[in-house]
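Have a look at the structure below, then the notes.
Only a predicted model underlies this, so the values are computations on that prediction, with no experimental measurement involved. When reading the values below, keep in mind they use all heavy atoms of this one structure, side chains included, and skip hydrogens, waters and symmetry mates. Throughout, a chain's letter reflects where its sequence line sits, starting with A, and its residues are numbered from 1.
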2 protein chains.
Amino acid sequence: MDLPKKKILIADDEEDILEIVQYNLQQEGYDVTTAKNGDEALTKAKQLKPDLVILDIMMPKRNGVEVCQLMRSQPQFKDTLVIFLTALSDETNQVKGFDTGADDYITKPISTKLLVSRVNALFRRFQKTPEESGQGLLEFENLIIDPQQYVVKVSGVEVMLAKKEFELLHMLASRPGRVFLRNEILNQVWGNNVIVGDRTIDVHIRKIRQKLDMDCIHTVKGVGYKFTG
Amino acid sequence: MDLPKKKILIADDEEDILEIVQYNLQQEGYDVTTAKNGDEALTKAKQLKPDLVILDIMMPKRNGVEVCQLMRSQPQFKDTLVIFLTALSDETNQVKGFDTGADDYITKPISTKLLVSRVNALFRRFQKTPEESGQGLLEFENLIIDPQQYVVKVSGVEVMLAKKEFELLHMLASRPGRVFLRNEILNQVWGNNVIVGDRTIDVHIRKIRQKLDMDCIHTVKGVGYKFTG
DNA sequence: CTTATTATTATCAAATTGTTAACTGCTAAA
DNA sequence: TTTAGCAGTTAACAATTTGATAATAATAAG
């Protein structure tokens, strides 16, 4: 995965379950946070903006259904996936669960393998497109860098950059003002195990400067380069 | 329902189940078709292009898992939802089911209410607008792409494109300006597990360019292709 | 002024894509 | 049944672009 890890928040009052589920989801490469009750779940959800929330129904301080309802009433959680987790295999409760806006419903005792499968299935289907998930373009005073279109616009005029040039510029511009060491640049743009000569970066910087025809990449002698919008 | 009814295909060898499930889903406003075995399911799926397929695992002539695998290997069913339905509550089978690309897994005996809830939950989450699901026609300055009729018009003149050519053009044109990686193209147009040579995409691009006789597909070297209206 | 570092330029090799023709399997007409 | 034609794919080669390097000039730091 080149993309950032998916964030999952698990809320359950049983420590054992939290631990086991957390461990198993982390093994799958997810970024997992836990909460011990409904209130904590809500608070952490607001902070983290997780992609998925797994809610135990029976919890102290707001049960899972309440938490789900509250989340669904807030637009920021519109796209947050919700899975209910509960000992109640009773069908009426499951139907209620789905009606409050849950995306899945898993009954205890939990098979961790199955839970992981279901979580994967949800994410597999719910792949946001890059621009939806804000993988978006970098905008500056008279420079726009659009990784979707692989295009750079200088004062409205499209400028074609070659792949490496684009990636290098994109890296520098992703954190304006910050100085990138030559080593960092090599690692990110060329990859860890590629060996290229010392002057290669300079030449690419030169080409970018020439094509953009503006003074946005600054040399920090002995250190590296930085970008200023 | 605001949009045309969602189409659901149910495949099971037990008449009773087919009837009950069909009835209940129809009550919810879905357009339901049935199949009695795996082969029939595949045939009808190709005709109907359903939004959701509910597959019994144990069926004569291709079981549900086979049907799912076959569907998943074809790009046209990329966005088709799949629910497995089975008496096997055995966890290993469920995990396998999800791994073949299922979106949900319901065990018999079925509670129809619950099934309906799960179906609703799936559609609630993954409902796509017509143009997202590739149904709407794309119009540009002097180019019209109509996926309904599988027809392209350049400056009012109908141009015949072969299937792959059409799908490739349609994919690129569905997001003008956005660059599609060769890999993305392969996955969407050729399918996940189809292996074709490196030059195949180029040749198809070439043919499209030739037939359309206009400069709308642009190469981004080292990255992919993009369309501009 | 000397040295270390970066800028510039031209050149060449490598990677990528374009183009054409040929081959395969399938379908439909003769 | 044969044949012709088409879609899809591949192979082979041409054309193009990109990326890396070397050589040299310029520049800033001490």
Side-chain angles (χ1 to χ4, degrees), chain A residues 150-152 158-172 179-228, chain B residues 46 73-76 150-152 158-172 179-227:
Chain A
Y150 237 83
V151 146
V152 175
E158 258 189 30
V159 175
M160 292 299 296
L161 293 191
K163 199 169 106 143
K164 282 268 189 303
E165 289 160 20
F166 188 91
E167 285 170 358
L168 175 47
L169 175 63
H170 184 261
M171 176 185 187
L172 295 177
V179 180
F180 288 87
L181 313 182
R182 298 174 90 85
N183 245 331
E184 292 182 289
I185 296 175
L186 282 182
N187 280 339
Q188 174 137 359
V189 179
W190 274 263
N192 300 341
N193 32 20
V194 177
I195 299 169
V196 290
D198 257 11
R199 305 267 56 75
T200 303
I201 292 180
D202 310 21
V203 175
H204 283 270
I205 292 279
R206 146 93 177 131
K207 283 183 181 163
I208 296 171
R209 282 171 171 159
Q210 199 177 330
K211 285 186 179 175
L212 295 195
D213 191 33
M214 58 186 286
D215 197 30
C216 59
I217 297 179
H218 305 278
T219 306
V220 183
K221 209 156 181 170
V223 188
Y225 295 93
K226 70 175 172 182
F227 172 94
T228 322
Chain B
K46 277 173 195 162
S73 70
Q74 294 178 267
Q76 58 172 317
Y150 239 80
V151 148
V152 175
E158 246 185 43
V159 174
M160 292 300 297
L161 291 191
K163 196 171 133 196
K164 284 264 189 305
E165 288 160 19
F166 187 90
E167 284 168 2
L168 175 46
L169 175 63
H170 182 261
M171 175 184 187
L172 296 178
V179 178
F180 289 87
L181 313 182
R182 296 173 91 85
N183 242 334
E184 293 182 287
I185 296 175
L186 282 181
N187 281 339
Q188 176 137 355
V189 178
W190 274 264
N192 294 339
N193 33 19
V194 177
I195 299 170
V196 290
D198 258 10
R199 304 264 58 72
T200 303
I201 291 181
D202 307 45
V203 176
H204 283 266
I205 292 279
R206 148 96 174 126
K207 284 182 180 165
I208 296 171
R209 282 172 172 158
Q210 203 174 343
K211 286 185 179 175
L212 297 194
D213 191 33
M214 57 185 287
D215 197 29
C216 59
I217 297 179
H218 305 275
T219 306
V220 182
K221 214 157 182 171
V223 187
Y225 294 92
K226 68 178 170 181
F227 172 94

Seminar exercise, completed: Comparing nearest nucleotides in DNA chain D, the 5'-proximal residue of the pair B:Ala162, A:Lys164 is B:Ala162
Exercise. Atom CG of B:Asp198 to atom P of D:dA12: distance rounded to whole Å?
Worked result: 14 Å
Exercise. Mapping B:Lys207 and A:Lys207 to their closest nucleotides on DNA chain C, which lands nearer the 5' end?
Worked result: A:Lys207
Exercise. Whole-Å distance between C:dA10 C1' and A:Arg206 CZ?
Worked result: 12 Å
For this session: Quickly work out the A:Lys211 NZ to C:dT8 P distance and round it to whole Å.
Result: 15 Å
Exercise. Under 30°, 30 to 60°, or over 60°: which ring-plane class applies to B:Trp190 and B:His204, parallel, tilted or perpendicular?
Worked result: perpendicular
For this session: Provide, to the nearest angstrom, the distance between the CZ atom belonging to B:Arg199 and the P atom belonging to C:dG18.
Result: 8 Å
Exercise. Checking only heavy atoms, does the side chain of B:Lys221 share a donor-acceptor pair with the base of C:dT16 at less than 3.5 Å?
Worked result: yes
Exercise. Sequence neighbours excluded, which residues qualify as side-chain contact (heavy atoms from CB on, under 4.5 Å) partners of B:Arg199?
Worked result: B:Arg182, B:Asp202
For this session: Would you indicate what B:Tyr225 reaches in the nucleic acid, counting non-hydrogen atoms under 4.0 angstrom: base, sugar-phosphate, or nothing?
Result: sugar-phosphate
Seminar exercise, completed: note: A:Lys163, atom NZ; D:dA20, atom P; distance rounded to Å ~ 11 Å
For this session: Under the salt bridge (Lys or Arg N to Asp or Glu O under 4.0 Å) rule, collect the residues that match up with B:Lys46, sequence neighbours excluded.
Result: none
Problem set entry | Nearest non-hydrogen partners of B:Val151 and B:Phe166, listed with the distance | N-CE1, 3.5 Å
For this session: Please name the pair of heavy atoms, one in A:Arg209 and one in A:Ile217, separated by the smallest distance, quoted to 0.1 Å.
Result: NH2-O, 3.0 Å
Exercise. Between A:Leu186 (CG) and D:dA20 (P), how many Å, whole number?
Worked result: 10 Å
For this session: Ignoring backbone atoms, establish whether A:Thr200 has a side-chain N or O less than 4.0 Å from OP1 or OP2 of D:dG19.
Result: no
For this session: Under 4.0 Å between any heavy atoms, over every strand shown, what does A:Thr219 touch: base, sugar-phosphate, or nothing? Just pick one.
Result: sugar-phosphate
Seminar exercise, completed: When rounded to whole Å, the CG to P distance for the pair B:Asp202 and D:dT9 reads 13 Å
Exercise. Taking only N and O in the side chain of B:Trp190, is any of them less than 4.0 Å away from OP1 or OP2 of D:dT9?
Worked result: yes
Problem set entry | Nearest-Å distance for atom pair CD1/P, residues B:Ile201 and C:dT16 | 14 Å
Exercise. Under 4.0 Å between a side-chain N or O of A:His204 and OP1 or OP2 of D:dT18?
Worked result: no
For this session: For C:dT6, take OP1 and OP2 only and decide whether either is under 4.0 Å from a side-chain N or O of A:Arg182.
Result: yes
